[in-house]
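This report concerns only the one structure given below.
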Amino acid sequence: MILRSASWLSPAITLTAFLLQISRVCGDADFESVRIKYDYRYMGGRGGDPKEKYWHESVFHPHYDGRFTDHALPYEEQKSNLTLLMQSYLWSMADLGAETWIIHGTLLGWWWNRKILPWDSDIDVQMTNTTVHFLASYYNMTIHSYRKREYLLEVNPKYTDDSYDDYLNVIDARWIDIQTGLFIDITAIRPKEGFPNTICSKDQHEERIQDLFPLRDSLFEGQTVKIPYDYTKLLTAEYGAASLSKTKYSGHVFNTTSMEWERTRRIQPKNSPARARKKIAVGKASEAERLFGKNTFVQDDRKHS
Ligand SMILES: *[C@@H]1O[C@H](CO)[C@@H](O)[C@H](O)[C@H]1NC(C)=O
Ligand SMILES: *[C@@H]1O[C@H](CO)[C@@H](O)[C@H](O)[C@H]1NC(C)=O
Ligand SMILES: *[C@@H]1O[C@H](CO)[C@@H](O)[C@H](O)[C@H]1NC(C)=O
Ligand SMILES: *[C@@H]1O[C@H](CO)[C@@H](O)[C@H](O)[C@H]1NC(C)=O
């Protein structure tokens, strides 16, 4: 259909352009357009984040997307959902022919037992910017099914800006579990200008090309995975040599028979009343009192005894 007179269109176009502009400055896909549940309200940080920031992590936890949930999961549930998230990602990327590999803490988890570190909800993967460009071109906002669950691939439009100055948009894409709000951070690597053999991502991690490539094939959470060529060197550089030998970390101990990180204690947040009570019990009342004030503390203790 050809419109004869389009004069009425121009205000409409201006309005649409204006709305598009708004949606651009406010970042990630709108809550109402992506939500699948109606029993909670929006928990993303859109209101408080700078306008230029695309992703708005939830206000209650930096590794949950507040468009899909209003709470973090308990330890065991988070762990099993992260495993499924990781499997779904590796499986789906292989299916799309999008080359990707694990990096940072996720690679450290692989090093120990081919699994995600159970205390870490931050999952990191990399791909080249050509692959991110491919996903942005054909798969932005697509839903992928894996074992009856659904995952969203969302690409940050700022992936085309490779400058470190764009520090609010260092994550180029995300693989999001729309059931739980958990996600995987995808960063693109690009050649670093003026530095031969060096690649960088916007989160300012820089690696030598020969440490990354050729990628090796392995298994992670039961799925085939690619890992950087000189993983030992990368891990030692990032976390120190002790990260490859220390079998106690963050309330977990590595059992060399079961090859699992087993939880040794429930971690109390630093200032929790429970932690302060424990300190009283071992005769360190003064420190606990400094934390909470004597009166608060005595009341709290009585209530629980
Ligand atoms: C994921 O979390 C949900 C709670 O939201 C829980 O019921 C489920 O057992 C967890 N694990 C898996 C693999 O779904
Ligand atoms: C990848 O990054 C390089 C360096 O910034 C740039 O020259 C190239 O055009 C990018 N490729 C794509 C597909 O965006
Ligand atoms: C992907 O889609 C979302 C939602 O429409 C949009 O905000 C974003 O700019 C898109 N990303 C790219 C790379 O086009
Ligand atoms: C380590 O794992 C083995 C095999 O599952 C188990 O028998 C053993 O009790 C574990 N060790 C500790 C200290 O928990």
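Atoms within each ligand, like the ligands themselves, are counted from 1 in listed order.
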For this session: Compute the ring centroids of His133 and Tyr139, then answer whether they are less than 6.0 Å apart.
Result: no

Problem set entry | Residues Arg114, Glu221: salt bridge by 4.0 Å N-O rule | no

Exercise. Taking non-hydrogen atoms only, is Leu73 closer than 4.0 angstrom to ligand 1 via side chain, backbone, both or neither?
Worked result: side chain

For this session: Considering only protein heavy atoms, determine whether one is less than 4.0 Å from atom 9 (O) of ligand 4.
Result: no

Problem set entry | Partner of Trp119 under ring-ring contact (aromatic ring centres under 6.0 Å, His included), chosen from Trp112, Tyr75, Trp261 | Trp261

Seminar exercise, completed: Rounded to the nearest 0.5 angstrom, the NZ-CH2 distance for Lys53 and Trp55 is 9.5 Å

For this session: Please determine if Arg208 forms a cation-pi arrangement with Phe213, meaning its NZ or CZ atom is less than 6.0 Å from the six-membered ring centre and no more than 45° off the ring axis.
Result: no

Exercise. Any N or O on Asn140 sitting closer than 3.5 Å to an N or O of ligand 3?
Worked result: yes

Problem set entry | Part of Glu262 within contact of ligand 4 (heavy atoms, under 4.0 Å) | side chain

Exercise. Just heavy atoms, cut-off under 4.0 Å: does Arg149 contact ligand 1 by side chain, backbone, both, or neither?
Worked result: side chain

Problem set entry | Asn255 N/O to ligand 4 N/O under 3.5 Å | yes

For this session: Take every heavy atom of Glu76, measure it against each atom of ligand 1, and state whether any distance is under 4.0 Å.
Result: no

